[in-house]
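In each ligand, atom 1 is the first atom listed, and ligand 1 is the first ligand listed. One-based numbering along the sequence shown. These numbers come from the heavy atoms of this one structure, side chains and all, not from hydrogens, waters or symmetry mates. Values in this document were obtained by computation on a predicted structure and should not be read as measured data.
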Amino acid sequence: MQLETAFQNPQLCHSLLDRLNRALDGRTMRFMEVCGTHTVAIFQSGLRSLLPKSVTHLSGPGCPVCVTHDAEVAAFLELAGRDRVIIATFGDLLRVPGPGGLSLKHAQAQGARVEIVYSPLDALTLAAANPGDTVVFLGIGFETTAPTVAATLLTAQQRGLNNFCVLSLHKLVPPALRILLEDSQCGVEAFLLPGHVSTILGLEPYAFLARDFHVPGIVGGFQPADILLALCLMAEQMRDGKPDVVNAYPRAVDDTGNPRARALLEQFFQPADALWRGIGRIPQSGLALRPEYESMDAMKRLDLTLPDVPPLPGCRCGDVLKGRITPPDCPLFGKRCTPANPVGPCMVSTEGSCAAYFKYSER
Ligand code: SF4
């Protein structure tokens, strides 16, 4: 606790702000973070208002709920309508709108068996208590969450729980960053890389940022001084014309990541194409269960497909997640779309960029 408080020290932050201003020396810098926790930390700490005016902060596709595709929500709704199926999900997925603005919350109100769990392991308790039903855990999230789901699959296997399966819609961060940079309209000049995801991945999977695109990538922590240090390093790399991928969060992230967690992931999952809200299909950016675990794969076991669905009318989450616009540029922001009545997923989760702008920005 004391250590974390040290990274909130105002004098330390002011000296880092001075260092950032010196590195920028009047130049502009557009950086993107790709982690919902960074989005909230930057707003909540007041950092956003302290940053030099020449620094543009963009929130990318780093909030698991925000990137959950309309077609994936349609599949949840289809599942919710089936007999003898119990859906186990994290609570923030409940209000994510799919086709026609419908969500699992609506399905639940109409009698669907949708249970909120706080850990994937809770879904096993549900499965044990309901042996005549099939419990489907909705697996969303990034490299941070997926190992806990793999561990749950292992536990289900060890306990012989045959009525448990996972709808794996996990997503991988590095392929999404590549797609963003390949977009000619992408104006991102540097990435603040996600601290949590990086505890699993380490640095190597991001090496292409500097090597192929000459874009700095800095793994950062979540306290104000962590974030400012990461911004200083990216500004200095840009000033010196020496982009690199570095770890500015060594108290939590090892440069090599967590090989044990990655081994568990590889035991149960393999890379697969995935749909991202507002971005579309990104090759090899998701995780599917390996064929040998077919009986625990909800897609196969319940013969599920992701339907073609039209995007939510008027919602510009895709442009927000790609850094093309900021939330207030969306005509629905703060009018038809608010946290109480979200039109799109970026307004649903507390970690969504539209919700963060709504809560913390002056309008
Ligand atoms: Fe979508 Fe609402 Fe954000 Fe607009 S303000 S992009 S409608 S979530």
Derivation and outcome, side chain to side chain donor-acceptor pair (under 3.5 Å), residues Y249 and T199: CA-CA 10 Å; Y249 191 29; T199 58; over 6 Å; no

If only protein N, O or S atoms under 2.8 Å count, total around atom 3 (Fe) of ligand 1: 1

Distance-only donor-acceptor check, side chains [X] and [Y], under 3.5 Å:
X    : Y    : value
D329 : T326 : yes
H106 : S103 : yes
S59  : Y357 : no
E33  : T39  : yes

Cationic tip of R178 above F208 ring, under 6.0 Å, 45° of axis: yes

